[in-house]
Amino acid sequence: MSRIYEALQKAEAERALEKREREPLIPEQPAEQLANPAQPADFEPLAQTAAAEAEYESPAAATAPPRYAAPAPTPVVAAAVVKEPLDLSKIERRPWSPAFAQLPALLHRGPAVEQFRSLRSRIFELRDVSPLKSILISSGMPQEGKSFVSTNLALSLARHKNSKVLLIDGDMRRYTMHQILGCESQPGLADYLAGKAGLVEIMQRAEEMPSTDSAKQPIFPNLTFIAGGNGGDKAADLSGSPRFGDLIRQASPYFDWIIVDSSPVLPVSDAVNLARSCDGVLLVARGGVTKFPVAQRAQSELKAAKVLGFVLNAVREAPQVGSYYGYDSTNE
């Protein structure tokens, strides 16, 4: 009987073992997944995502090397606009017939030339404080003398240590500076801003003038001029063109000073547009004519620009200067 009982127990044990082997294995699942059966099987626990973010934000030296190295993104190289250097030797020399009566900065002595030398000294003082190369000259209203101040300031700067000066007639509506210098008015700034001419093409320099005054002759070779051209009704749009900023940036390395004459501030917006590309603005007020509210409003219109100060023009009373302190010296 004992043998029969042992055989039955052995058979029962084998059946039980065979039954367990046929049953499917139930995989162990994380506690979080079990607590939320609605989540799919491939759901990534939040704790792992937070860990990945922490790993991304941690210093590179503390992170483990990634198991999969993604290919490096192809760098996108922007199409940089490469400006060719200016060849100033290609600037055309033209005959000039300056109106010397309107150019007192060319004189050896006198109250007017001394005032422009004083203005030049103030500008040098301002440049010692902050970078200053391109200066826009404007006024509140027309007929206040901004073109007169612009031209003589440019000549006074050109006279100082043979500085290279670029003078631009930025008043494309009533361009008159070419009349003071006695040269052609086109092509000019309007042609460049409209894309009809290159920068060197609109620049001009004076031919050697048969002047009897040898003191005036060395000044004009230091002066390069850009006439206004004819902007007409499109002057407002042209003054807002980014090409003017490109002009200033291209020309800056080749000149010590850039003087830009512009239209008055209050009637039109051209000066405000051009001032954005210049380092500073000088406003001109006419003695006995310009009203204080007009000057205030002109300054407020240029609040986005750096207003350097006012130049009081056409003052009837002569300044108290003379030869006592050597103001008539010809040394520059």
Side-chain angles (χ1 to χ4, degrees), residues 105 115-142 144-161 163-172 175 177 189 193 199 222-226 228 235 238-286 290 292 294-313:
Q115 291 305 306
F116 279 107
R117 287 173 181 169
S118 298
L119 176 59
R120 183 183 65 192
S121 299
R122 299 294 182 271
I123 291 175
F124 273 100
E125 291 175 0
L126 293 173
R127 191 166 71 169
D128 292 338
V129 177
S130 60
L132 181 63
K133 176 176 285 189
S134 54
I135 302 175
L136 182 133
I137 312 292
S138 186
S139 60
M141 299 299 290
E144 293 184 317
K146 56 182 181 53
S147 298
F148 170 79
V149 173
S150 300
T151 310
N152 284 279
L153 176 60
L155 291 173
S156 183
L157 292 169
R159 197 170 187 171
H160 183 69
K161 297 180 180 179
S163 298
K164 304 298 181 184
V165 179
L166 174 62
L167 177 62
I168 302 175
D169 190 347
D171 191 345
M172 294 174 284
Y175 44 98
M177 194 171 287
L189 179 62
L193 297 180
L199 181 53
N222 299 332
L223 184 67
T224 302
F225 177 58
I226 295 179
L238 293 175
S239 63
S241 170
R243 285 176 64 86
F244 183 72
D246 294 339
L247 186 156
I248 298 296
R249 285 188 291 271
Q250 278 192 275
S252 289
Y254 301 93
F255 297 94
D256 298 298
W257 295 97
I258 299 175
I259 305 299
V260 183
D261 182 35
S262 70
S263 54
V265 175
L266 299 184
V268 292
S269 61
D270 304 4
V272 176
N273 294 332
L274 298 180
R276 297 191 182 100
S277 301
C278 296
D279 298 328
V281 177
L282 273 179
L283 286 169
V284 178
R286 192 175 187 88
T290 304
F292 183 70
V294 172
Q296 275 189 316
R297 188 179 167 193
Q299 184 178 4
S300 64
E301 290 290 332
L302 293 162
K303 57 185 177 182
K306 182 180 180 181
V307 178
L308 303 175
F310 276 86
V311 178
L312 186 59
N313 182 41

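Computed over heavy atoms, backbone and side chain alike; hydrogens, waters and symmetry mates excluded. Just so you know, residue 1 is the first one in the sequence shown, and it goes up from there.
- Side-chain polar atoms of Ser134 and Asp279 form a donor-acceptor pair below 3.5 angstrom.
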(request) Take Ile135 and Ile123 through the side chain to side chain contact (heavy atoms under 4.5 Å, CB included) test and state the conclusion after the steps. (result) CA-CA 10 Å; Ile135 302 175; Ile123 291 175; 3.8 Å; yes

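- The backbone N or O of Gly140 lies less than 3.5 Å from a partner atom in the side chain of Glu144, making a donor-acceptor pair.
- When side chains are defined from C-beta on, Lys133 does not count as touching Asp256, because their heavy atoms never get closer than 4.5 Å.
- When atom types are taken as modelled, the side chain of Arg286 and the backbone of Asn313 share no donor-acceptor pair closer than 3.5 angstrom.
- Looking at Ile137 and Val284, their side chains come closer than 4.5 Å, going by heavy atoms from C-beta outward.
- Contact of the Leu283 side chain with the Val311 side chain is not registered, since no non-hydrogen atoms from C-beta on lie closer than 4.5 Å.
- Two residues are said to be in side-chain contact when any heavy atoms from C-beta on lie closer than 4.5 Å; Thr151 and Met177 meet this criterion.
- Under the 4.5 Å side-chain criterion, counting only non-hydrogen atoms from C-beta, Val165 is not in contact with Phe255.
- Contact check on Arg249 versus Asp246 returns a salt bridge, with a Lys/Arg side-chain nitrogen under 4.0 Å from an Asp/Glu carboxylate oxygen.
- With respect to the salt-bridge test (charged N to carboxylate O, under 4.0 angstrom), the residues Lys146 and Asp261 qualify.
- No side-chain heavy atom of Ser139 sits less than 4.5 Å from a side-chain heavy atom of Phe310.
- Taking 4.5 Å as the limit, every side-chain heavy atom of Met141 sits out of range of all side-chain heavy atoms of Thr290.
- Between the side chains of Ser239 and Asn273, at least one donor N or O lies within less than 3.5 Å of an accepting N or O.
- Contact of the Tyr254 side chain with the Leu166 side chain is not registered, since no non-hydrogen atoms from C-beta on lie closer than 4.5 Å.
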